[in-house]
Amino acid sequence: MSVASVIVDVAAKQTDRAFDYAIPDKWKGIIVPGMRVVVPFGPRKVQGFVVALKEEAEVKRVKPIADLLDLTPVLTPELLEIGHWLTEKTLCFMISAFQVMLPAAMKAKYDKELSLLSKEAYEQLHEQVKPFFQSRSSLKWSEVEKTAAAPAFHRDIQKGLIEVVYVVKNKGNKKTAKGVKLNQSLEEIQQFMSELNKQAEKQKQVLSFMLNRNEEVAIKEIAEDLQITSAPIKALINKGLLAETEIEIYRDPYQDRYFTPSKPFQLTDEQAEAIAPILQDIEENLHDVFLMYGVTGSGKTEVYLQSIDQVLKKGKEAIMLVPEISLTPQMVKRFKERFGSKVAVLHSGLSTGEKYDEWRKIQRKEVSVVVGARSAVFAPFENLGLLIIDEEHETSYKQEENPRYHARDVAIYRGQHHQCPVILGSATPTLESFARAQKGVYKLLTLKQRMNKSSMPSVDIVDMREELRSGNRSMFSTMLFEKMKDRLEKGEQIVLFLNKRGHSSFVMCRDCGYVPTCEHCEISLTYHRYQNKLKCHYCGHEEHVHTECPECHSEHIRFFGSGTQKVEEELTKVLPEARVVRMDVDTTSRKGAHEKLLNKFASGEAQILLGTQMIAKGLDFPNVTLVGVLTADTMLNLPDFRASEKTFQLLTQVSGRAGRHKLPGEVVIQTYTPEHYSIQLASQHDYDAFYKHEMEIRKMHKYPPFFYLALVTVSHENIAKVVSVTDKISQYLRQKLSPQTTILGPVASPIAKIKDRYRYQCMLKYKLEPSLIPLLKYILERYQAEMQKENLTITIDLNPYSMM
DNA sequence: AGCACGCCGACT
DNA sequence: GTCGGCGTGCTC
């Protein structure tokens with residue numbers, strides 16, 4: 001095998017295929033598919049992934065591989081195969097599919113460097129170039145690029161005085177420490193020890209320590225253990241008895257923490273019944289997809305933990321996905337307590353280096369459980385025994401950039417490959433999953449009871465229009481306010497939920513209804529109190545706050561909608577005795593802030609936890625007896641066919657925070673549309689009725705799970721161009737697709753303009769379209785030239801989750 | 001994506 | 001006649 005097929009790190013249609021390279025003799029038999037290499041590509045060097053080996057190249061002339069980056073493949077054969085599958089399913093480039101499977105630290109950085117060919121060449125350099133090389137012989141092109149000397153450099157490069165070198169950097173990476181290992185045979189060392197000078201007691205200690213361990217040990221560790229300095233160790237290195245080594249050390253984000261080991265709990269009858277078929281699958285190496293539908297607080301996590309335990313006993317590995325937002329310290333703790341150092345954790349809170357280290361632990365098989373967000377589904381395990389997706393309905397499992405994959409699909413694909421079970425867990429399953437369970441495609445496991453036999457909290461719906469009519473203009477209804485006062489007196493705790501991030505709200509003229517919008521994006525500006533400015537959340541554009549309406553010159557400019565910050569201010573006014581913890585993107589962005597705030601609430605130091613989405617899931621505080629949802633309908637009015645489903649899910653999740661233990665819980669939902677079925681049914685904890693009602697609507701409007709969706713979005717600076725392209729695409733598809741398929745559009749996207757680019761879309765609803773993928777591929781090919789030259793973009797999202 | 005090659009307008 | 005503009009096409 002002397003030729004390697006390589007996918008190069010150039011994300012473009014024309015380079016989206018394998019290129020053949022000769023394997024230099026020194027790497028023959030060493031290079032295997034899945035390794036990263038550096039290859040010459042045109043005049044430069046790029047990183048690439050070896051995808052196959054072969055005897056003969058397809059082309060006459062092949063260049064040799066320039067460098068080898070890995071000693072063991074970073075992509076297993078399975079992952080390589082998944083890459084191909086992803087490319088097909090999501091219409092992404094091969095290189096993007098591979099890149100998404102690896103930690104960011106492994107992505108190549110490129111540098112273009114200039115170096116002087118010889119000392120003699122210096123004199124011949126252009127006068128403008130000379131100063132750059134005065135004290136050195138090489139420099140980065142980026143230093144020169146923007147200066148006036150750039151043309152002169154070009155000339156000297158042409159003359160052959162300066163050489164251009166392309167450097168591929170493998171950034172970040174391993175953190176190492178200096179270590180030592182024994183460098184001579186046992187006999188020689190014992191011989192040496194007996195001859196050692198009596199004064200050299202410390203050296204003797206070191207040697208016997210090393211003989212004991214018989215492996216490489218960090219110098220620091222020896223010094224600490226034996227209470228000595230590194231001097232005697234250095235002496236032994238000099239005498240040749242020990243050899244210096246580099247030991248890879250891991251940055252462990254949880255190293256300072258102690259986790260009390262926990263034992264499996266006794267399962268309830270219901271839990272035992274649910275886990276039985278899972279354990280059976282694990283035992284018999286069978287693949288099934290289980291939908292575990294369990295109400296909030298029904299103990300799904302314990303079922304996960306015990307299933308994983310079983311997998312580990314069989315010597316296999318498990319992946320558990322959780323939504324980024326619920327990857328809280330509480331969740332991590334439960335896993336660390338149960339599985340100790342067998343767990344790797346992957347989430348966005350880690351630094352690039354930490355993520356890389358966690359990934360390395362997986363690759364080196366030092367852990368057998370991974371808990372992580374979406375991309376952890378690609379963990380390079382080779383002996384998977386179980387995949388779990390907790391909170392299956394969460395939209396964060398769908399990646400909104402290329403490759404636009406859904407972690408659930410990847411998990412099921414891997415489950416089939418490894419012949420192992422996949423568990424999807426939720427208190428509010430997506431209609432897609434629940435429908436599949438009804439049809440028997442997935443196996444349904446139900447947990448109807450809460451673990452502590454506590455009943456579901458009672459829910460009151462408050463009509464905020466009524467409140468307004470009766471003169472209450474505050475954001476707390478009379479009922480919620482009374483209940484809050486009551487809890488504070490009793491010393492119980494309250495969770496307040498507001499579906500509005502940050503401290504911002506929009507602005508409107510009360511006289512003419514004018515709302516300031518961004519001039520680059522078609523979206524209303526939000527008010528940031530901190531800087532007293534109006535900001536666009538899409539492009540960052542800022543404006544001063546108007547004191548007068550630019551339309552009607554009225555001075556009645558008001559701020560509408562309340563962000564968490566405003567609510568916090570209001571709370572301190574009306575309930576000055578209450579201590580409030582506010583949790584949103586602004587207060588949790590700092591590392592460790594999340595945990596700190598939660599601890600403050602858990603310890604009882606604060607009585608009210610006020611927050612956005614991030615407090616809706618997974619939190620479990622025994623003393624919380626009241627949950628308030630300040631505005632339940634903000635989500636309901638989004639232009640998204642899943643709006644009702646999302647509202648139902650959110651209300652159910654939030655309500656689930658109350659009364660999980662001995663004390664009974666109450667929930668108050670404030671809304672302007674109390675009659676809406678998703679609010680009504682959420683208040684009755686009636687998922688089944690919601691499912692039936694929503695399914696009717698989906699069927700009527702031809703939405704999933706009855707139909708598949710595909711969304712084509714076109715964007716360009718010129719609106720006429722956008723409309724015409726979208727129109728042509730729609731026409732083409734109408735002509736080619738079956739009459740059973742609905743083609744909507746071209747219509748303007750819900751956000752019709754972002755960063756001065758207009759956006760139009762075309763939506764397909766289909767049941768069976770075997771030729772859809774090739775047709776969409778053809779469209780991308782047809783417009784490829786325009787996409788490259790004119791900055792036209794066409795994005796295709798199969799099974800979209802966001803309609804924006 | 002980058003970069004080289006190549007074919008046309010405004011300068012010494 | 002040359003420098004440099006960016007259209008075109010290739011990268012194993």
Side-chain angles (χ1 to χ4, degrees), chain A residues 1-25 27-28 31-33 35-69 80 87 91-100 104 107-115 126-129 140-160 162-169 171 401-403 780-795:
Chain A
M1 293 291 172
S2 52
V3 172
S5 278
V6 176
I7 301 290
V8 292
D9 181 18
V10 181
K13 189 91 209 141
Q14 291 146 298
T15 52
D16 188 30
R17 61 193 174 87
F19 288 83
D20 288 345
Y21 286 89
I23 301 175
D25 286 341
W27 289 323
K28 285 216 174 104
I31 289 186
V32 294
M35 284 179 179
R36 294 171 306 152
V37 288
V38 175
V39 291
F41 195 63
R44 61 210 165 113
K45 279 184 182 145
V46 296
Q47 196 188 75
F49 291 91
V50 175
V51 289
L53 298 182
K54 47 190 176 182
E55 216 54 75
E56 295 279 325
E58 312 272 303
V59 285
K60 277 171 268 151
R61 292 185 54 189
V62 288
K63 293 182 184 175
I65 289 172
D67 218 338
L68 178 58
L69 295 174
L80 284 170
T87 330
L91 298 171
C92 71
F93 301 132
M94 213 93 97
I95 190 70
S96 318
F98 292 147
Q99 226 103 259
V100 81
K107 207 176 154 186
K109 275 268 167 114
Y110 299 100
D111 241 339
K112 188 175 166 183
E113 286 177 6
L114 303 170
S115 70
H126 191 277
E127 285 309 314
Q128 279 180 296
V129 176
K140 282 185 183 154
W141 171 246
S142 54
E143 286 179 56
V144 179
E145 206 174 6
K146 280 149 266 157
T147 68
F153 267 91
H154 278 300
R155 242 161 283 158
D156 284 351
I157 292 165
Q158 291 254 293
K159 278 193 207 161
I162 302 170
E163 190 189 14
V164 183
V165 190
Y166 297 89
V167 195
V168 181
K169 289 192 296 185
K171 62 174 172 181
E401 302 127 44
N402 278 331
L780 288 177
E781 233 152 82
R782 157 74 179 73
Y783 285 100
Q784 184 217 318
E786 279 158 85
M787 288 166 75
Q788 210 172 46
K789 271 182 293 186
E790 298 176 51
N791 223 351
L792 177 80
T793 52
I794 299 175
T795 49

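Per chain, numbering begins at 1; letters A, B, ... match sequence-line order. FYI, side chains are in, hydrogens and waters are out, and symmetry mates aren't considered; it's all heavy atoms of this structure.
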| query | With a 4.0 Å cut-off, would you call D25(A) and K28(A) a salt bridge? | reply | yes
| Taking 4.0 angstrom as the limit, do K54(A) and D20(A) come out as a salt bridge? | yes
Whole angstroms only, please: what is the [atom1]-[atom2] distance between [X] and [N]?
X       : N       : atom1 : atom2 : value
E790(A) : dG7(C)  : CD    : P     : 11 Å
D16(A)  : dC10(C) : CG    : P     : 18 Å
D20(A)  : dT11(C) : CG    : P     : 13 Å
F19(A)  : dA1(B)  : CZ    : P     : 14 Å
F153(A) : dC3(B)  : CZ    : C1'   : 19 Å
R17(A)  : dC12(C) : CZ    : P     : 10 Å
E786(A) : dT8(C)  : CD    : P     : 12 Å
H154(A) : dC3(B)  : NE2   : C1'   : 11 Å

Note: contacts of residues 40-58 of chain A with DNA chain B (heavy atom, under 4.0 Å) are P43(A), R44(A)
For [X], report the nucleic acid contact type (base, sugar-phosphate, nothing); a contact means any heavy atom under 4.0 Å.
X       : value
K112(A) : sugar-phosphate
K789(A) : sugar-phosphate
Y110(A) : nothing
V62(A)  : sugar-phosphate

The test is side-chain contact (heavy atoms from CB on, under 4.5 Å); show your working for W27(A) and D67(A) and say whether it passes. CA-CA 10 Å; W27(A) 289 323; D67(A) 218 338; 4.2 Å; yes
Exactly one of V38(A), T15(A), V39(A), V6(A) clears side-chain contact (heavy atoms from CB on, under 4.5 Å) with V46(A), and that residue is V39(A)
Ring centroid separation F41(A) to F19(A) under 6.0 Å | yes
_Ring geometry between W141(A) and F153(A) (parallel below 30°, tilted from 30 to 60°, perpendicular above 60°)_ = perpendicular
With no hydrogens and no angle check, do the side chains of D9(A) and Q99(A) hold a donor and an acceptor under 3.5 Å apart?
yes
